[in-house]
Amino acid sequence: MLSNRELFLRNTAQTSDSPRLIEIVKAEGTYLYGPEGQKYLDLVSGFNVSNIGHRHPKVVEAIREQLDKYLHVTVYGEFVQAPQVQFATALLEKLPPSFGSVYLTNSGAEAVEGAMKVAKKYTGRRQIIGVTKAYHGSTQGALSLIGNPEYHKAYAPLLPEVGFIDFNNKAYLASITTETAAVIVETVQGEAGVRVPDKSYMQALRARCTETGTLLIFDEIQTGFGRTGRMFAFEHFDVVPDILLLAKGIGGGMPLGAFVAPKEIMDVIKTNPMLGHITTFGGHPVSCAAALASLRVIEDEKLLDQVADKAEFFRQELRHPKIKEIRGLGLMMCIQVESFDQVYRVSKYCAEHGVMIDWYLHCETALRIAPPLTISMEEIKAACQIIRAALDQMTMES
Ligand code: PLP
């Protein structure tokens with residue numbers, strides 16, 4: 001009989017020639033478990049999803065309760081489903097009052113697609129501006145905004161009338177004009193290798209969008225739901241976007257995304273044509289029940305209050321001559337080393353010694369540190385010890 005690894009390679013679509021092939025049979029709290037008794041401390045959180053840890057009991061309970069009521073009943077936007085309504089209401093309570101309407105999706109890329117459509121229809125303009133080295137998802141619209149020409153070449157033609165500006169560089173703001181429907185920016189760039197913008201840049205970007213009547217869209221799909229130590233990363237910069245994109249961490253481990261906007265903006269999809277943006281599974285009731293439970297866990301366990309201290313402890317424990325820089329905001333961090341070879345060897349060593357670590361799409365020379373926010377100080381100490389040992393071993397080999 002073929003093993004799961006063999007069946008994985010044979011029967012499931014592959015996204016690279018070198019999948020990591022780590023098999024997981026269980027995940028609980030901050031740990032992942034393999035079939036031969038391996039135990040990994042998770043510093044990746046399923047790519048910024050498991051912000052409250054894996055299978056949080058409150059989330060599992062909410063899922064069970066919803067399973068006993070109903071699963072899918074109709075397309076998004078038709079029946080009144082309490083989990084959707086309750087989650088949307090709780091989400092809006094966390095946001096500035098300008099936000100008045102939540103559209104629930106299955107994924108981050110879908111939130112990006114919906115927001116682009118709303119922005120075009122609301123403004124009557126066509127141009128969308130993205131940012132160099134951005135990542136917003138793999139659907140064709142979101143891919144049009146990926147700030148990496150390699151991906152454009154491979155899948156062209158993509159969306160027309162897309163422009164790019166450099167991140168955190170005020171010199172580019174003049175290219176946002178009265179022709180621009182929207183600018184889409186990650187509040188902290190993730191796949192670019194965790195780039196934190198200056199507050200003055202974010203405020204100048206906001207001012208330029210307001211001046212030109214351009215909608216400012218913040219992609220908080222990686223930064224959202226507490227990852228940076230605030231519920232939403234834009235709170236660090238004292239700016240409020242017009243449209244907010246969420247996914248990954250909001251579902252407590254279940255698939256869910258959202259774009260959130262003022263009601264006046266969101267209402268453009270209702271008419272002319274009606275049903276201008278629809279989805280069958282978006283806002284699945286089980287995902288929404290999990291999302292609401294996850295939001296309550298963040299509040300009840302006061303997770304946001306712990307993020308800065310935990311991030312600081314990582315920084316203290318990660319002092320090593322091979323580390324060129326540690327970048328980050330809260331528990332969205334990266335360790336800059338010299339080469340992909342180093343990143344690969346450190347990740348491999350860490351996995352062999354029980355720590356799961358990864359890298360970034362547009363920055364292969366940096367290691368990804370994005371643990372569940374529930375990680376303990378002891379776990380941080382233990383993880384950093386292994387990362388330092390991996391770096392030491394590299395020093396000995398070179
Ligand atoms: N936006 C950002 C910043 C992301 O990091 C991602 C995924 O990594 C996406 C959008 C796309 O989300 P999804 O993979 O759920 O489509």
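Atoms within a ligand are numbered from 1 in the order they appear, just like the ligands themselves.
- Comment: R230 does not engage E220 in a salt bridge, judged by the lack of any side-chain N to carboxylate O separation of less than 4.0 angstrom.
- Counting the atoms of ligand 1 from 1 in the order shown, those under 4.0 Å from a heavy atom of E186 are 3 (C).
- When hydrogens are left out, the protein atom nearest atom 1 (N) of ligand 1 is D219 OD2, 2.6 Å; that is the closest non-hydrogen contact.
- Taking atom 16 (O) of ligand 1 as the reference point, the nearest protein heavy-atom neighbour is A109 N, 2.8 Å.
- The side-chain tip of R195 does not point at the ring of F167 from less than 6.0 angstrom away and within 45° of straight on.
- With ligand atoms numbered from 1 in the order given, ligand 1 contributes 15 (O), 16 (O) to contacts under 4.0 Å with heavy atoms of S107.
- Using a 4.0 angstrom heavy-atom cutoff, F47 does not count as in contact with ligand 1.
- Under the 6.0 Å distance and 45° angle rule, K39 counts as a cation-pi partner of Y31.
- Of all atoms in ligand 1, numbered sequentially from 1 with element shown, those under 4.0 Å from a heavy atom of G137 are 9 (C), 10 (C), 11 (C).
- Q222 and R227 are not linked by any side-chain donor-acceptor pair at a separation below 3.5 angstrom, with hydrogens and angles left out of the test.
- For ligand 1 and Q222, the ligand atoms under 4.0 Å from any heavy atom of the residue are 5 (O).
- Between F281 and H72, the ring centre distance stays below 6.0 Å.
- The shortest N or O to N or O distance between A247 and ligand 1 is not below 3.5 Å.
- For atom 13 (P) of ligand 1, the closest non-hydrogen atom on the protein side is G108 N, 3.5 Å.
- Of the protein's heavy atoms, K248 CE, 3.2 Å lies nearest to atom 7 (C) of ligand 1.
- Ring centers of Y76 and H277: at least 6.0 Å apart, outside the cut-off.
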Can you give each donor-acceptor pair under 3.5 Å made by side-chain atoms of residues 238-259, sequence neighbours left out, with the distance rounded to 0.1 Å?
{"residue": "D238", "atom": "OD2", "partner": "K199", "partner atom": "NZ", "Å": "2.9"}
{"residue": "D242", "atom": "OD1", "partner": "R206", "partner atom": "NH1", "Å": "3.4"}
{"residue": "D242", "atom": "OD2", "partner": "R206", "partner atom": "NH1", "Å": "3.3"}
{"residue": "D242", "atom": "OD2", "partner": "R206", "partner atom": "NH2", "Å": "3.0"}
{"residue": "D242", "atom": "OD2", "partner": "L216", "partner atom": "N", "Å": "2.8"}
{"residue": "K248", "atom": "NZ", "partner": "F47", "partner atom": "O", "Å": "3.2"}

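- The protein heavy atom nearest to atom 4 (C) of ligand 1 is Y135 CD2, 3.7 Å.
- For the atom pair L215 CG and I217 CD1, the distance stands at 6.5 Å (nearest 0.5 Å).
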